[in-house]
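These notes are about the structure you will find just below.
Below, each value reflects all heavy atoms present in this structure, side chains not excepted, and no hydrogens, waters or symmetry copies. Predicted, not measured: the structure shown is a model, and the values here were computed from it. Atoms within a ligand are numbered from 1 in the order they appear, just like the ligands themselves.
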Amino acid sequence: MIKIGVTGGIGSGKSTVCEIFESLKIPVFHADLEARRLQNRDSLIKSQITELLGADCYNQEGLMDRKLVASRIFTDKALLTQMNQIIHPAVREEFHSWILGYPEAPYVIYEAAILFESNTAADFDQIILVVADQDIRINRVIARDQVDKEQVMIRMANQMLDQEKIKLADCVIDNNEVELLYPQILKIDKSIKENGKIR
Ligand code: ATP
């Protein structure tokens with residue numbers, strides 16, 4: 001099975017891009033959603049997170065307090081690394097069993113905000129990077145999540161710069177709302193289906 005990674009910084013438009021791939025009937029595994037599911041439901045992961053960040057990270061319903069966790073891990077690189085070491089292997093394992101459900105698909109997509117940063121890129125045949133200018137991304141996230149600029153900037157600071165990621169990606173989708181997304185995606189989809197790769 002051809003495995004394509006789709007990544008991009010916060011607010012770049014990864015999910016929007018992946019919705020278009022899904023409309024083309026391409027299965028998409030949403031790594032960040034899966035991570036959230038595991039953080040709330042998987043007892044081993046929950047106990048590891050509690051041990052790392054404290055019992056107050058979970059409310060009485062057993063759900064993770066994402067704001068509290070974010071305030072701890074996004075201001076402490078060591079904690080962020082350890083948190084990723086708990087989550088990423090578990091998400092990857094889920095992805096490998098999820099793939100088995102799509103034997104007929106021409107290819108599958110793994111969508112994640114961090115791929116290069118988490119050293120996961122080697123798991124994929126090719127990587128698509130979604131980019132948009134920083135100001136546009138910030139304004140999108142403020143509008144989408146009702147957060148302030150500072151909270152968005154803290155998250156951005158933990159992600160690699162687009163200039164660095166562009167060098168590592170096989171293909172870049174421009175989502176600055178100048179070039180239309182659909183034609184860019186149709187071209188990639190056609191190329192993978194015909195040649196087994198983006199270019
Ligand atoms: P995150 O990493 O925070 O999950 P993301 O990269 O998945 O973000 P999206 O959720 O796809 O980004 O996009 C962020 C916001 O910007 C959304 O509200 C989305 O609807 C909007 N958006 C994305 N691309 C476009 C576009 N081309 N035109 C208009 N709005 C857009």
Side-chain angles (χ1 to χ4, degrees), residues 3-24 26-40 63-75 80-81 83-84 87-88 91-92 94-95 98 108-121 124 126-166 168-189 198:
K3 299 186 280 290
I4 304 288
V6 170
T7 192
I10 181 168
S12 58
K14 297 175 291 297
S15 306
T16 308
V17 162
C18 284
E19 274 170 28
I20 299 178
F21 276 108
E22 281 176 319
S23 76
L24 300 173
I26 301 302
V28 177
F29 180 86
H30 303 279
D32 300 332
L33 288 182
E34 186 56 32
R36 248 180 254 179
R37 191 188 71 79
L38 290 168
Q39 284 160 358
N40 286 326
L63 300 176
M64 198 178 84
D65 181 339
R66 296 184 65 228
K67 270 203 171 142
L68 182 71
V69 168
S71 73
R72 291 189 183 157
I73 61 175
F74 290 121
T75 50
L80 178 62
T81 305
M83 180 75 170
N84 285 339
I87 301 297
H88 288 146
V91 172
R92 228 171 302 163
E94 291 295 322
F95 173 60
W98 171 89
V108 296
I109 284 181
Y110 180 98
E111 179 208 347
I114 55 169
L115 263 192
F116 298 119
E117 295 91 331
S118 59
N119 296 321
T120 339
F124 303 98
Q126 298 218 282
I127 309 258
I128 299 169
L129 174 68
V130 184
V131 298
D133 294 345
Q134 181 163 306
D135 286 352
I136 294 180
R137 290 165 53 201
I138 292 170
N139 289 333
R140 281 177 185 160
V141 179
I142 291 173
R144 187 193 58 190
D145 299 343
Q146 279 85 51
V147 289
D148 58 37
K149 186 174 175 180
E150 206 188 353
Q151 287 167 284
V152 186
M153 298 290 284
I154 290 173
R155 286 186 185 219
M156 268 184 179
N158 284 296
Q159 298 181 342
M160 219 186 252
L161 291 173
D162 278 352
Q163 294 100 287
E164 293 304 314
K165 289 191 279 198
I166 285 170
L168 303 168
D170 296 288
C171 155
V172 175
I173 292 180
D174 184 317
N175 189 25
N176 276 309
E177 296 170 42
V178 179
E179 257 195 87
L180 289 174
L181 283 179
Y182 223 94
Q184 297 183 71
I185 292 168
L186 282 180
K187 196 171 156 203
I188 293 169
D189 176 70
I198 300 164

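By the 3.5 Å distance cut-off applied to N or O atoms, Gly11 is counted among the residues near ligand 1. By the 3.5 Å distance cut-off applied to N or O atoms, Gly13 is counted among the residues near ligand 1.
Remark: among candidates Arg137, Glu19, Lys14, Arg144, the nearest residue to atom 17 (C) of ligand 1 is Arg144, based on non-hydrogen atoms. Between the choices Glu111, Arg155, His30, Arg140, the shortest heavy-atom distance to atom 16 (O) of ligand 1 belongs to Arg140.
The closest approach between a heavy atom of Ser12 and any atom of ligand 1 is below 4.0 Å.
In this structure, the separation between CG on Leu129 and CE on Met160 is 10.5 Å, given to the nearest 0.5 Å. Rounded to the nearest 0.5 Å, atoms CE (Met64) and CG (Leu38) are 11.0 Å apart. Rounded to the nearest 0.5 angstrom, Lys14 NZ and Ile109 CD1 are separated by 13.5 Å. Atom OG of residue Ser15 and atom CZ of residue Arg144 lie 7.0 Å apart, to the nearest 0.5 angstrom.
Counting atoms of ligand 1 from 1 in the listed order, those under 4.0 Å from a heavy atom of Gly9 are 6 (O).
Within the 4.5 Å cutoff, the side chain of His30 has heavy atoms near those of the Glu22 side chain.
Counting protein heavy atoms only, atom 30 (N) of ligand 1 is closest to Glu177 OE2, 4.0 Å. The shortest contact between atom 7 (O) of ligand 1 and any protein heavy atom is with Ser15 OG, 2.7 Å. In terms of protein heavy-atom proximity, atom 20 (O) of ligand 1 is closest to Thr16 OG1, 4.2 Å.
When non-hydrogen atoms are compared, ligand 1 lies under 4.0 Å from the side chain of Asn175 (C-beta onward) but not from its backbone.
Taking each heavy atom of Arg140 and Ala132 in turn, the nearest pair found is NH1-CB, 3.7 Å.
Relative orientation of the Phe95 and Phe124 rings is tilted, given thresholds of 30° and 60° on the angle between their planes.
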